[in-house]
Amino acid sequence: MPRLSFVIPTHNRHEMLLAAVASVYAQTLGDWELIVVDDGSAEPVEQALGSHDQRLIVHRNPSPIGAAASRNLGARLAKSEFIAFLDDDDTLEPDYASRLLKLMVEYGEAVGFAWPALRVIDNVKNEESVAQSDPCLISGTTGTEASYVASAYTRTTGMMFRTATFRARGGFDESLAVSEDREFVFRLLSEGVGCSSVPDKLVNFYIHAGPRLSTDANLQRQAGCDTRVLERHRAFILSHPRLASRYLNLVAKRQKLAGWKNDYEKTLKLLLRVRPFDLRAWRRLLLSRLWRS
């Protein structure tokens, strides 16, 4: 049985997928399996991969079922104790697997999932930055507020889970087109599943001109999914005011961009109930009232 299962969902991005797969093969840890879930690509990816390595498993969905459902399918096929997810347009640093597994083993059952910092490479603006670098350690329901804030912006790509933990909680919500990663994190934390992070940049997260879910063309979808996540996990989010500040300001921003003025103000007022001196929320609310007048 392999020690780690990588899961890569993919749809019509063969060239990018090849780079993602190559970064798995470049891992310093060799005891792994790679499950590529071809989500109904126009041209099947199996031929493009062209590998007879027994560690590579390709599953093809006859028609697209979505990224969340494809990840869940890959997780059901996994044979390892740990699962690591990678998007088909991102790549891993060679020591990703060894570093994350070391952390998971060190903390044992106290940590059910973990993530590294991301090197964000914006090929549109020709810029580079860092994301997810804030330290995090939450064991059960014990963790600093800074750790809960750090957990709010984790992305699926590069996340590692204990397979049993992932399956027991049902995996990602397949009804969400975006923000399924945040929803799952909030769900796990509210159920007492611990988490941690590695501050080093072990995943290369690319922003490119190709098709992406998180673009301006999907503002309504983004606002709708994040609003649903907020409604579902309101009690947990509001129980951590600093987390609420970070997440509710994001939700409000997306609602504004989508033109949802009433929801935008409602979200800001909700935040101010638990964090009355949140200057960003007050500024946005006052500007919104000026905008209405």
Side-chain angles (χ1 to χ4, degrees), residues 1-9 24 27 29 31-35 37 57 59 66-87 92 96-118 132 134-144 147-176 179-199 202-203 229 232-233 235-237 239-240 243:
M1 184 176 71
R3 193 170 184 207
L4 174 64
S5 298
F6 288 99
V7 174
I8 304 179
V24 173
Q27 293 298 296
L29 175 85
D31 188 12
W32 49 260
E33 67 175 354
L34 169 58
I35 303 167
V37 181
I57 301 160
H59 174 89
S70 293
R71 292 188 186 103
N72 288 344
L73 191 157
R76 289 195 296 272
L77 296 174
K79 304 182 188 72
S80 308
E81 182 183 355
F82 301 96
I83 305 170
F85 292 98
L86 178 64
D87 288 355
L92 303 171
Y96 164 84
S98 60
R99 295 286 304 280
L100 264 292
L101 279 174
K102 180 181 178 181
L103 181 147
M104 298 289 280
V105 171
E106 177 184 348
Y107 286 111
E109 295 297 327
V111 166
F113 63 106
W115 61 88
L118 305 181
Q132 297 182 185
D134 293 341
C136 176
L137 177 58
I138 300 171
S139 178
T141 56
T142 303
T144 65
S147 288
Y148 281 101
V149 172
S151 74
Y153 275 100
T154 53
R155 297 170 175 84
T156 307
T157 192
M159 293 188 76
M160 185 178 290
F161 296 85
R162 294 184 184 278
T163 305
T165 298
F166 185 90
R167 290 175 176 166
R169 270 71 183 184
F172 299 108
D173 184 340
E174 298 178 9
S175 71
L176 294 172
S179 297
E180 73 277 10
D181 38 17
R182 286 193 193 93
E183 191 282 327
F184 196 36
V185 167
F186 292 159
R187 191 179 350 142
L188 290 170
L189 292 177
S190 65
E191 294 178 10
V193 177
C195 64
S196 189
S197 66
V198 173
L202 301 179
V203 175
V229 173
R232 185 176 303 172
H233 298 289
F236 168 76
I237 294 168
S239 69
H240 298 283
L243 166 63

Quick one: list whatever passes side-chain hydrogen bond (donor to acceptor under 3.5 Å, both in side chains) with [X], sequence neighbours left out.
| X | answer |
| --- | --- |
| E191 | R169 |
| N72 | E174 |
| R162 | none |
| T165 | none |

Smallest separation among heavy atoms of L189 and S151, with atom names
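For L189 versus S151, the nearest heavy atoms are CD1-OG, 3.4 Å.
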
Applying side chain to side chain contact (heavy atoms under 4.5 Å, CB included), name anything that partners [X], two or more places apart in sequence or on another chain.
| X | value |
| --- | --- |
| V24 | F6, I8, W32, L34, L86, L92 |
| S147 | C136, I138, T144 |
| A78 | S5, E33, I35, I83, R167 |
| D87 | R71, D89, D90, T157 |

Tabulate below the donor-acceptor pairs under 3.5 Å that side-chain atoms of residues 97-116 make, not counting sequence neighbours, or state none.
| from | atom 1 | to | atom 2 | distance (Å) |
| --- | --- | --- | --- | --- |
| S98 | OG | D95 | O | 3.1 |
| R99 | NH1 | D200 | OD2 | 3.2 |
| R99 | NH2 | D200 | OD2 | 2.5 |

Nearest 0.5 Å, please: how far is [atom2] in [Y] from [atom1] in [X]?
| X | Y | atom1 | atom2 | result |
| --- | --- | --- | --- | --- |
| L176 | E183 | CG | CD | 6.0 Å |
| L77 | I57 | CG | CD1 | 7.0 Å |
| H233 | S239 | NE2 | OG | 12.0 Å |
| E81 | T163 | CD | OG1 | 7.0 Å |
| S179 | F186 | OG | CZ | 9.0 Å |

Has the side chain of R187 got a donor or acceptor atom that lies under 3.5 Å from a matching backbone atom of G171?
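Indeed, once roles are kept as given, a pair shorter than 3.5 Å links the two residues.
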
Mark yes or no for whether R182, through its side chain, and A152, through its backbone, hold a donor-acceptor pair below 3.5 Å.
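Here the side-chain-to-backbone pair exists.
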
Does the side chain of [Y] come within less than 4.5 Å of [X]'s, by heavy atoms?
| X | Y | value |
| --- | --- | --- |
| L188 | C195 | no |
| P2 | S80 | yes |
| M159 | V185 | yes |

Please tell me whether F166 and F82 form a close aromatic pair, meaning their ring centres lie under 6.0 Å apart.
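Ring centroids of F166 and F82 are no less than 6.0 Å from each other.
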
Looking at residues at least two apart in the chain, or sitting in another chain, which of them share a salt bridge (charged side-chain N to carboxylate O under 4.0 Å, His left out) with R76?
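Listed in chain order: nothing, the list is empty.
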
Give the C-alpha distance, both sets of side-chain angles, the deciding distance and a yes or no for side chain to side chain contact (heavy atoms under 4.5 Å, CB included) between Y96 and V198.
CA-CA 10 Å; Y96 164 84; V198 173; over 6 Å; no

ring-ring contact (aromatic ring centres under 6.0 Å, His included) partners of H240, counting only residues at least two apart
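Partners of H240 by the ring-ring contact (aromatic ring centres under 6.0 Å, His included) criterion, ordered by chain and then number, come out as Y148, F236.
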
Salt bridge between R232 and D173, side-chain N to carboxylate O under 4.0 Å?
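Yes, charged N to carboxylate O under 4.0 Å.
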
